Amino acid sequence: MAKGGRYWLVKTEPDVFSVEDWQASKHQTTYWDGVRNYQARNFIRDDMKIGDRVLVYHSNADPTAIVGIATVVKEAYPDHTAFDAKDPHYDPKSDPDNPRWMMVDMRLDQILKNPLTLAELRDTPGLGQMELLRRGSRLSVQPVSATEWRAIAKLGGFKA
DNA sequence: GCCAACGTTGGC
DNA sequence: GCCAACGTTGGC
């Protein structure tokens, strides 16, 4: 893994694709489709690199929590689900010759034994600046600082 | 370029 | 299920 890699957090709704679903997938690897927000797309397209580490967050869940950690294993390529009229994330404005939406592949490394709930994260000193905790934050792919990553690793009992 | 209307996200 | 916050669309 490249040193100096970046850290990220991605959201998923467990009713749609849970960390358990992910673990059951081949080689614990999946493509991260369905991102339909330009800011998140830009992170995927421009900044996510092989070896970057990723926090996996369950949104619209009970409880909402960081539930796992993952690693980027393939860099940005077109999100083909945008071209599929039957796909829930279909976007007729994404032209296959000039794709609007991108995705990366990620491998799930670990499901946390103790999920870190949103409430718990809010109570953790040093995480005040985290994008996830910002009021009204909706970014589904967001950067995490090295400091935040270390604090969360300590809380979650995984190696930073 | 402004901004109202609309659709979506996501915590609670 | 509610609803606040947000992003996008489209009329002007």
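Keep in mind that the numbers below use all heavy atoms, side chains included, and drop hydrogens, waters and symmetry copies. Here the structure is a predicted model, which means the values were calculated and not measured. The chains referred to below are lettered A, B, ... by the order of the sequence lines, with proteins before strands, and numbering in each begins at 1.
Between A:Trp8 and A:Tyr57, the ring center distance fails the sub-6.0 Å criterion.
Within the structure, every side-chain polar atom (N or O) of A:Tyr38 is placed at least 4.0 Å from both OP1 and OP2 of C:dT9. Taking only side-chain nitrogens and oxygens, A:Lys11 never comes nearer than 4.0 Å to OP1 or OP2 of B:dT9.
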What verdict does the side-chain contact (heavy atoms from CB on, under 4.5 Å) test give for A:Ile50 and A:Lys74, after you've listed the backbone C-alpha separation in whole Å, the side-chain angles of each residue and the deciding distance to 0.1 Å? CA-CA 6 Å; A:Ile50 289 177; A:Lys74 181 176 177 179; 5.6 Å; no
So A:Asp79 and A:Arg36, salt bridge (charged side-chain N to carboxylate O under 4.0 Å, His left out) or not? Walk me through it. CA-CA 10 Å; A:Asp79 181 344; A:Arg36 297 291 181 268; 2.9 Å; yes
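Rounding to whole angstrom units, CG of residue A:Leu121 and P of B:dG11 are separated by 11 Å. For A:Asp15 and B:dT9, the CG to C1' distance is 14 Å, given to the nearest whole Å. Per the geometry, CZ belonging to A:Arg100 stands 11 Å off C1' belonging to C:dT9, to the nearest Å. Per the geometry, CG belonging to A:Asn42 stands 13 Å off P belonging to C:dG7, to the nearest Å. Straight-line distance from the CG atom of A:Asp91 to the C1' atom of C:dT8: 12 Å, rounded to whole Å. Put simply, CZ on A:Arg134 is 13 Å from C1' on B:dT9, counting in whole angstrom units. Rounded to a whole Å, the CD atom of A:Glu13 is 8 Å from the C1' atom of B:dG10. In this structure, A:Trp101 atom CH2 and C:dT8 atom P are separated by 7 Å, rounded to whole Å.
The nucleotide whose nearest atom lies closest to any side-chain atom of A:Lys93 is, among B:dC12, B:dG10, C:dT9, C:dT9. Distance from the side chain of A:Asn60 is smallest for B:dG11 among the nucleotides C:dC6, B:dG11, C:dG7.
Between the side chains of A:Thr29 and A:Asp105, not a single donor N or O lies within less than 3.5 Å of an accepting N or O.
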